[in-house]
Amino acid sequence: MKTAGYIGVNVCRFLLGITFIFSGYVKAIDPLGTQYKIADYLAAVNLAGVLPDWITLTASVGVSAVEFSLGIFLLFAIQRRQVSRLVLLFMGVMTLISVWLFLSNPVKDCGCFGDAIHLSNGETLAKNLVLLVAAVVVACRPLCMVRFISKPNQWIATNYTVVFIVVSSLFCLYDLPFFDFRPYHIGADIRKGMEIPAGAPQPKFETTFILSKDGVQREFGLDNYPDSTWAFVNSKTVQTEEGYVPPIHDFAICDGTSGEDLTAQILARKGYSFVLVSPYLEQADDTNFGAIDRIYEYARRENVPMFGLTASRNQAIRRWQELTGAEYPFYTADATTLKTIIRSNPGLILLKNGVVVNKWSHNRLPTEEELNGPLEQLDIGKINPASITEKITMIALWFVLPLLLLTLTDRLWAWTRWMKEKKRRNKIYQLLKKRRKMRKKIVAGNWKMNLNLQEGVALVKELNEALSADQPNCDVIVCTPFIHLATVAGLLNGKPISLGAENCADKEKGAYTGEVSAEMVKSTGAEYVILGHSERRQYYRETPEILKEKVELALKNGLKVIFCIGETLEEREANKQNEVCKAELEGSVFHLSAEEFANVVIAYEPIWAIGTGKTATSDQAEEIHAFIRSAIAEKFGKDVAEQTSILYGGSCKASNAPELFAKPNIDGGLIGGAALKCADFKGIIDAWKK
Ligand code: 13P
């Protein structure tokens with residue numbers, strides 16, 4: 001469904017993009033043609049001549065540039081949101097106009113595709129409805145358009161497109177349309193264009209006669225025309241079918257003074273003729289009349305007839321002749337026809353045997369160097385072989401190729417960036433993995449004062465068996481009361497479980513009845529000792545100073561310390577947990593050297609979670625574990641901090657261990673209640689396998 005949506009949006013985007021590019025381009029390269037079309041629309045709403053020419057011409061260049069640019073932006077998915085909204089707005093307005101055209105027929109050809117493709121108003125409406133639907137689809141999900149150029153480089157394509165299309169328009173305005181889609185293009189045989197092929201459909205007409213008899217009027221057709229008792233009153237004729245209209249159907253040249261039709265005579269003329277075309281001489285650009293005079297002199301020298309064609313009256317012709325010294329005759333033709341023949345006022349065409357051999361705008365008339373012999377021998381006297389393919393190649397070189405290169409460079413750039421980013425991420429991931437690997441994952445049991453010797457031995461035996469059969473993925477430690485130590489040490493020989501004590505004395509040796517020294521603990525075979533547990537701090541009033549002594553003695557005797565810290569419920573509620581934990585570390589273990597500290601494991605045990613069934617959430621635990629690690633880093637440096645295992649303790653069970661252990665700063669657990677049964681403890685150990 002999602003893929004279908006993506007495909008749908010992208011199909012619509014390409015349909016709109018290609019249509020906009022084509023219609024924008026064909027209008028842009030014929031700015032005068034587009035301006036004439038705008039004038040047609042203004043005339044249709046009774047605003048003919050209201051706007052000055054420069055406004056309609058600017059509108060012509062502007063609208064074509066916007067349309068073309070929107071097409072390119074759609075194609076490259078540039079500024080997807082804004083562009084899709086603009087396209088929808090554009091299509092909305094165009095569809096409304098085409099509904100009006102369809103219903104009222106004020107302008108015959110909408111001009112959507114300039115002179116390249118002519119559509120009837122019905123066809124235009126159908127086309128616009130399809131495009132409007134496509135525009136709605138794209139505007140609803142613009143981000144589904146796949147980008148070809150990444151965002152930081154889009155400005156290059158945007159500016160290049162706008163500059164390209166505006167410069168193309170201005171160039172075509174200065175010269176002539178780059179592509180000539182009109183029936184008077186170079187190479188066109190005007191007489192052929194006027195021919196109606198044999199068998200072409202003829203226009204059909206229907207005449208209705210209104211006759212009366214005895215004061216009653218009735219309408220009749222030719223097929224039911226009545227007898228002579230009916231008297232003729234009136235008749236009306238309507239065209240029922242258009243018939244074939246040749247591409248050139250309005251070409252007529254007339255002598256303005258005699259009224260003689262010269263069309264056939266001029267078209268039948270053998271050899272060359274120069275024709276200066278100016279729809280309205282009043283508006284003709286007279287800056288290049290020197291060049292026109294030069295051509296006239298050349299024409300006289302070479303015996304080539306030259307005449308002017310205009311829709312202007314005699315007065316304007318005389319004014320032009322006085323202004324420019326023109327001696328060539330002027331004939332009259334329809335203004336629209338003249339505007340169609342050449343998009344320049346004035347423009348020059350070269351005819352040979354009724355065929356258009358060449359065309360020039362008044363800005364690019366042939367130079368003296370080009371006119372250096374009889375026309376038959378000159379390049380300008382031959383039909384220019386610059387074919388459509390050559391012109392398309394030129395556009396490809398000037399526009400498509402740079403954009404293509406930009407796209408390729410951008411893709412390459414994006415790919416290298418992606419590769420670099422991937423490498424960087426991979427490096428970080430590997431580093432994190434390595435660091436994580438560097439510190440031990442531990443699950444330690446703290447039996448507290450719960451099992452007698454026989455129960456303890458039975459539990460260790462069961463654990464031994466379970467873990468030998470299913471090797472743990474972490475270090476496993478059991479911390480037992482003193483009385484179990486020696487026996488358990490014997491049972492664990494070579495097994496994947498380490499042994500620890502729950503306490504040791506703060507004195508080295510001597511007359512301390514009832515106490516067990518670190519040295520004695522070590523002599524049983526134990527490797528660890530739990531110190532700083534909240535129960536000992538609370539019930540046996542072990543102060544930070546006492547704990548400091550115990551830590552030092554334990555380390556001195558080769559024991560590793562599992563040092564417990566954690567806040568009370570009140571402290572947590574007062575948001576003092578960080579402060580409390582840091583103070584406990586500072587009070588008893590932060591005086592150690594980094595080498596000594598390497599033998600310390602920290603156990604964060606929030607007092608409110610111990611034996612209560614209330615666990616800190618994994619996020620709460622991770623937050624404070626990260627803080628503890630940062631405090632260690634601050635004290636001993638990053639490397640020591642990264643190597644220190646920080647365990648979580650407090651109602652940790654097989655059910656919540658996986659989530660807790662998945663956190664990057666939680667390296668295992670110190671387990672109370674759940675360490676007293678083999679299955680429960682093993683469940684927590686197995687959390688490291690998930
Ligand atoms: P519980 O797992 O029973 O909450 O005890 C935690 C503890 O105090 C371990 O030292």
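Read the numbers this way: they start at 1 and go in the same order the structure lists the ligands and their atoms.
Ring pair F14/F148 is parallel by interplanar angle, where below 30° counts as parallel and above 60° as perpendicular. In this structure, F68 and F399 have tilted ring planes: the angle between them lies in the 30° to 60° band. Between F636 and F590, the ring-plane angle classifies as perpendicular under the 30° and 60° cut-offs.
Closest approach of A657 to I684, counting heavy atoms only: CB-CG2, 4.0 Å. Residues L553 and A505 share a closest heavy-atom pair of CD1-O, 3.9 Å.
When each atom of ligand 1 is checked for a heavy atom of G673 under 4.0 Å away, the hits are 1 (P), 2 (O), 3 (O). Every atom of ligand 1 with a heavy atom of H533 under 4.0 Å away is listed here by number and element: 7 (C), 8 (O), 9 (C), 10 (O). For ligand 1, the atoms sitting less than 4.0 Å from at least one non-hydrogen atom of G650 are 4 (O), 6 (C), numbered in the order shown with element in parentheses. Ligand-side atoms of ligand 1 in range of N446: 9 (C), 10 (O), range being under 4.0 angstrom from any heavy atom. The ligand atoms of ligand 1 that sit less than 4.0 angstrom from a heavy atom of S651 are 1 (P), 2 (O), 4 (O).
Contacts of A609 with ligand 1, taken as heavy-atom pairs under 4.0 Å, involve the backbone alone.
Taking distance alone, with nitrogen or oxygen atoms compared against 3.5 Å, K448 approaches ligand 1 more closely than that limit. Of the N or O atoms in E605, one or more lie within a sub-3.5 Å distance of an N or O in ligand 1. Considering backbone and side-chain N/O atoms, G611 comes within less than 3.5 Å of an N/O atom of ligand 1. Residue G672 places at least one N or O, backbone or side chain, under 3.5 Å from an N or O of ligand 1.
Using a cutoff of 4.0 Å between basic side-chain nitrogens and carboxylate oxygens, K509 and E519 are not scored as salt-bridged.
In summary, the aromatic rings of F90 and F20 are positioned with their centroids under 6.0 Å apart.
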